[in-house]
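Any value given below was found using the heavy atoms of this structure, including those in side chains, with hydrogens, waters and symmetry copies removed. Atoms within each ligand, like the ligands themselves, are counted from 1 in listed order. All residue numbers refer to positions in the sequence shown, counting from 1.
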Amino acid sequence: MQTWDRACVVLRDKVGASNFETWIRPLRVAEIDGRVLLSAPSRFYRDWVSRNYLAAIRESLAVAGCAEPDVRLELDDQRQGELFPATSVDSGEQEKPSAALSAGPGAPAGNREDKAPGKGPDRTARRGGGPRIGNLVPRYTFENFVVGTSNEFAHAAARAVANRPGEKYNPLFIYGGVGVGKTHLVNAIGHAVLRRNPLAKIVYVASESFVNDMISALRRDRMDEFKTKFRKVDLLIIDDVQFLAGRERTQEEFFHTFNTLHEGHRQIVLTSDKFPKDIPDLEERLRNRFEWGLIADIQPPEMETRVAILQKRAESEGLELSPEVAEFIASEVTANVRELEGVLTRLAAMGSLNGSEITVPFARSVLAPHLVDRGRAITIEDVQRTVCEHFGLSLTEIRSKKRTQSLAAARQVAMYIARKLVRASFPQIGQKFGGRDHSTVMHAQDVVERRLAEDPSFRAAVEALERALTSSRQA
Ligand code: ADP
Ligand code: MG
């Protein structure tokens, strides 16, 4: 795996999936001699990313093993002027459609003809080198999707829609918790539709991008362009529609988009973290339309599916993963697939850094701070003792009212860890630290979290403390 790919796993965690899809995914990436060259599709993108995500990008690269990340962000001249670059189906590097395949009825051919491959200066290399189809994620295909009882219904629905878009289940509404495979599945629909009909016009956006895009179109007086963009498509995929909540103007626009597409028998696919009825601040008429078609849920994966997903992922990454280790991870990491993959990536990275084989004890030692402790529960006193040892303080001091700077800092760390590992309430923690108020503990947590995000060496120290606390219980 390339550094950037590893960094992306970390980055996605850091900034959240939809920000990642909106802002990071559209960047084109080239890795040259350890230097990372990112090119943004528009000035707006470049400035936004530079302002909001550059620090996170650097940090993620550092975590991914790039000691002193040299990141450059520039404008991709080739793509300037695209309204929503990430969604445009860019056939520059796509396989040539075979003559036998034709566009769907009325499908706009787009401007792909004038973008002949090989024309113009060399493009920035694509991540992974493979063709990238619009902003569909190349890896998110049906082939790479592991089916289990938790997702089989949604999967079957997605397949059905991909086979006959616009015909039966319209819209297809997929809902489920974080990291259970919604985005993957709807991307897979996009890929499958494109494979059957390479000229199909597909737009895939996170709902936040839909919002941003509309706002910028409004501002620039380009609503016609915006409407064409979203209404003249064969397949519109809007990811995480819950983010339309409370956005009246966008909801209205989306309502009309929806109607136009639906009347024209164009497929609409939506995902959400909630059932339509449970999305707050959503206009009734929109909610009502979301329920017109088919609603399918995805549950967190069960044990067998988790193991299968890990194995499949390891295989595609060329990683050695023994069944024991796969089972170990799958039994410890249960909430969602994203976390499962994150753990696998972390293990692989640590394994290759240390040159060690990935065994169960190795996995346990690497993952200890992230795992739920199954032995004796950690107490607030345990945390205090460990933190005191580290900072060279006495228990009396950390529980005292004294407020020297170093004492206060150690205390905040201890409170933060107590909250995280002991899962004690704010008042409980406050009480154990010399009867402090719960608001002091909340403040401590804020302070520590902020510093964790900003200061890698501080983070390393805190993680070491957490590891010390958890691993002593798992030996
Ligand atoms: P969501 O959109 O529900 O938050 P994603 O689709 O982003 O979740 O999935 C998170 C990660 O887990 C992705 O890398 C995805 O490929 C992977 N994943 C989720 N479900 C499956 C599955 N059933 N088979 C293989 N990979 C999966
Ligand atoms: Mg998603």
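For a threshold of 3.5 Å applied to N or O pairs, the pair formed by Leu185 and ligand 1 contains no separation below that value. Of the N or O atoms in Val337, none lie within a sub-3.5 Å distance of an N or O in ligand 1. For ligand 1, the polar-atom distance check finds no N/O of Val178 at less than 3.5 Å from any of the ligand's N/O atoms. Residue Arg12 places at least one N or O, backbone or side chain, under 3.5 Å from an N or O of ligand 1.
Around atom 7 (O) of ligand 1, the closest heavy atom drawn from Arg338, Arg139, Glu339 belongs to Arg338.
Contact annotation: Gly176 has no heavy atom less than 4.0 Å from any atom of ligand 1. Not a single heavy atom of Ser150 sits under 4.0 Å from any atom of ligand 1.
In this structure, CG in Asn151 is found 7.0 Å from CD1 in Ile309, a value given to the nearest 0.5 Å.
A distance-only check finds a donor-acceptor pair linking the side chain of Arg459 to the backbone of Leu452 [under 3.5 Å]. Between the side chain of Asp234 and the backbone N or O of Lys201, at least one donor-acceptor pair lies under 3.5 Å. Side-chain atoms of Gln251 come within 3.5 Å of backbone N or O of Leu244 as a donor-acceptor pair. Judged purely by atom type and a 3.5 angstrom limit, Lys182 has no side-chain atom pairing as donor or acceptor with the backbone of Asp297. Side-chain N or O atoms of Arg287 include one that pairs as donor or acceptor with a backbone N or O of Lys277 at under 3.5 Å.
Aromatic ring centres of Phe226 and Phe210: separated by under 6.0 Å.
Contacts between Asn144 and ligand 1 below 4.0 angstrom, taking non-hydrogen atoms only, involve the backbone exclusively. Heavy atoms from both the backbone and the side chain of Val180 come within less than 4.0 Å of ligand 1. No part of Lys312 comes within 4.0 Å of ligand 1, judged by heavy-atom distances. The residue Arg313 has no part lying near ligand 1, judged by heavy-atom distances below 4.0 Å.
Looking at atom 8 (O) of ligand 1, its nearest protein heavy atom turns out to be Gly181 N, 3.1 Å. Residue, atom and distance of the protein heavy atom nearest to atom 16 (O) of ligand 1 are His184 ND1, 2.7 Å. From the protein, the heavy atom lying nearest to atom 4 (O) of ligand 1 is Gly179 N, 2.7 Å. Looking from atom 24 (N) of ligand 1 to the surrounding protein, the closest heavy atom is Val146 N, 2.8 Å. Nearest protein neighbour of atom 2 (O) of ligand 1, counting heavy atoms only, is Thr183 OG1, 2.7 Å. For atom 14 (O) of ligand 1, the nearest non-hydrogen atom of the protein is Glu341 OE1, 2.5 Å.
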Query raised in the report: side-chain contact (heavy atoms from CB on, under 4.5 Å) between Val448 and Arg419: does it pass, once the steps are laid out?
Result: CA-CA 11 Å; Val448 173; Arg419 178 77 184 152; over 6 Å; no
**Report entry** Step-by-step side chain to side chain donor-acceptor pair (under 3.5 Å) determination, Thr271 to Asp239
**Finding:** CA-CA 5 Å; Thr271 76; Asp239 209 356; 2.4 Å; yes
Query raised in the report: Passes side-chain contact (heavy atoms from CB on, under 4.5 Å), Thr257 versus Glu253? Steps please.
Result: CA-CA 6 Å; Thr257 305; Glu253 184 55 39; 3.9 Å; yes
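Counting non-hydrogen atoms of other residues, nucleotides and ligands closer than 6.0 Å to NE2 of His256 gives a total above 12.
Around the Mg ion (ligand 2), protein N, O or S atoms at less than 2.8 Å comprise Thr183 OG1.
Contact check for Tyr53 versus Lys14: no side-chain heavy atoms found under the 4.5 Å cut-off. Met303 places a side-chain heavy atom less than 4.5 Å from the side chain of Ser331.
When each atom of ligand 1 is checked for a heavy atom of Lys182 under 4.0 Å away, the hits are 1 (P), 2 (O), 3 (O), 4 (O), 6 (O), 8 (O). Taking a cut-off of under 4.0 Å to the non-hydrogen atoms of Gly177, the atoms of ligand 1 that pass are 3 (O). Interface atoms of ligand 1 facing Asn151, defined by a heavy-atom separation under 4.0 Å, are 23 (N).
Checked by atom type, the side-chain pair Thr305/Glu302 shows a donor-acceptor distance below 3.5 Å.
The minimum heavy-atom distance between Val137 and His191, with the atom names listed, is O-NE2, 2.8 Å. When all heavy atoms are compared, the tightest approach of Ala56 to Ser60 is O-OG, 2.7 Å.
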